[in-house]
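Quick notes on the structure that follows.
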Amino acid sequence: MKLIFAIVNNDDSNNVATNLTAGGYSVTKLATTGGFLKAGNTTFIVGTDDDKVANVISIVEKHSKKRTQVVPASVSSSPGLFPTVPVEVSIGGATIFVLDVEQFYKC
């Protein structure tokens, strides 16, 4: 058995949740915040059999779109001055962790 943590952008969370549930997976959904952009994310927790991990990952990948966003970045050009220079960063997609489960109980 495996435990999957899938971190996706809030914009994609409804599609991911809908499609994981439609695929027959029990999903726990947590509201989380990313450290870099301080933007909202959703972390999904899915427990599943080893042979279904690839399908869960496929569903998450299919419904987690990468996109770019322009954000201000502080660049120090001289002492005491911090002009804001826009920088384009990639956001979205998914970060997925798959862990082995030693024991599982449903009470």
Side-chain angles (χ1 to χ4, degrees):
M1 180 163 239
K2 301 291 185 187
L3 183 64
I4 302 169
F5 290 93
I7 304 164
V8 303
N9 187 283
N10 274 348
D11 294 340
D12 300 322
S13 67
N14 286 335
N15 284 337
V16 172
T18 299
N19 285 282
L20 284 172
T21 304
Y25 299 100
S26 296
V27 178
T28 299
K29 194 173 147 179
L30 303 172
T32 54
T33 303
F36 179 61
L37 295 176
K38 310 288 189 261
N41 292 322
T42 300
T43 299
F44 293 95
I45 304 172
V46 181
T48 191
D49 295 321
D50 292 18
D51 60 335
K52 296 181 181 177
V53 170
N55 190 46
V56 170
I57 292 172
S58 174
I59 291 169
V60 173
E61 285 180 333
K62 182 177 180 182
H63 299 284
S64 300
K65 307 296 182 214
K66 284 194 173 196
R67 49 187 84 65
T68 58
Q69 178 177 338
V70 177
V71 297
S74 295
V75 179
S76 178
S77 59
S78 62
L81 293 177
F82 295 94
T84 302
V85 177
V87 175
E88 191 172 276
V89 295
S90 177
I91 62 168
T95 301
I96 302 171
F97 299 92
V98 180
L99 294 87
D100 288 321
V101 174
E102 215 171 286
Q103 295 180 0
F104 169 73
Y105 300 99
K106 191 167 186 174
C107 302

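- Residues passing the side-chain hydrogen bond (donor to acceptor under 3.5 Å, both in side chains) test with Asn14: none are found, sequence neighbours excluded.
- Note: Thr48 OG1 to Tyr25 OH = 5.0 Å, rounded to the nearest 0.5 Å.
- Without hydrogens or angle criteria, Asp12 side chain to Val8 main chain gives no donor-acceptor distance under 3.5 Å.
- Applying the side-chain contact (heavy atoms from CB on, under 4.5 Å) rule to Thr95 yields the partners Ile7, Phe97; only residues at least two apart in sequence or on another chain are considered.
- Both Ile96 and Leu20 belong to a common hydrophobic cluster when Ile, Leu, Val, Met, Phe, Trp and Tyr are linked at side-chain heavy-atom distances under 4.5 angstrom.
- Using a 4.5 Å heavy-atom threshold, the side chains of Val60 and Phe44 count as separate.
- Heavy atoms only, all atoms of each residue included: Lys29 and Ala17 are closest at CD-CB, 4.5 Å.
- Cluster membership for Leu99 and Phe104, using ILVMFWY side-chain heavy atoms within less than 4.5 angstrom, is shared.
- Of the possible polar contacts, one joining the Asp50 side chain to the Met1 backbone as a donor-acceptor pair under 3.5 Å is found.
- Distance CG/Leu30 to CZ/Phe5: 8.5 Å, rounded to 0.5 Å.
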Report task. Any chance you could lay out the side chain to side chain contact (heavy atoms under 4.5 Å, CB included) test for Val27 and Ile45, step after step, and finish with the verdict? Result -> CA-CA 6 Å; Val27 178; Ile45 304 172; over 6 Å; no
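- Placement of Ile57 and Ile59 within a single hydrophobic cluster is found when ILVMFWY residues are connected by side-chain heavy-atom separations under 4.5 Å, directly or transitively.
- For Asn9, the side-chain hydrogen bond (donor to acceptor under 3.5 Å, both in side chains) criterion is met by no residue, not counting sequence neighbours.
- The list of salt bridge (Lys or Arg N to Asp or Glu O under 4.0 Å) pairs with a residue in residues 92-107, not counting sequence neighbours, reads Lys2-Asp100.
- When the side-chain hydrogen bond (donor to acceptor under 3.5 Å, both in side chains) test is applied to Ser58, no partner is found at least two apart in sequence or on another chain.
- Residues forming a side-chain hydrogen bond (donor to acceptor under 3.5 Å, both in side chains) with Thr42 (at least two apart in sequence, or on another chain): Asn10.
- The same ILVMFWY cluster, assembled from side-chain heavy atoms under 4.5 Å apart, contains both Val56 and Val98.
- Summarising the geometry of Gly93 relative to Ser64, their closest heavy-atom pair is O-CB, 3.4 Å, with the distance given to 0.1 Å.
- Scanning for salt bridge (charged side-chain N to carboxylate O under 4.0 Å, His left out) contacts around Lys52 gives an empty result, with sequence neighbours left out.
- Counting side-chain heavy-atom gaps under 4.5 Å among Ile, Leu, Val, Met, Phe, Trp and Tyr, Tyr105 is found in no cluster with other residues.
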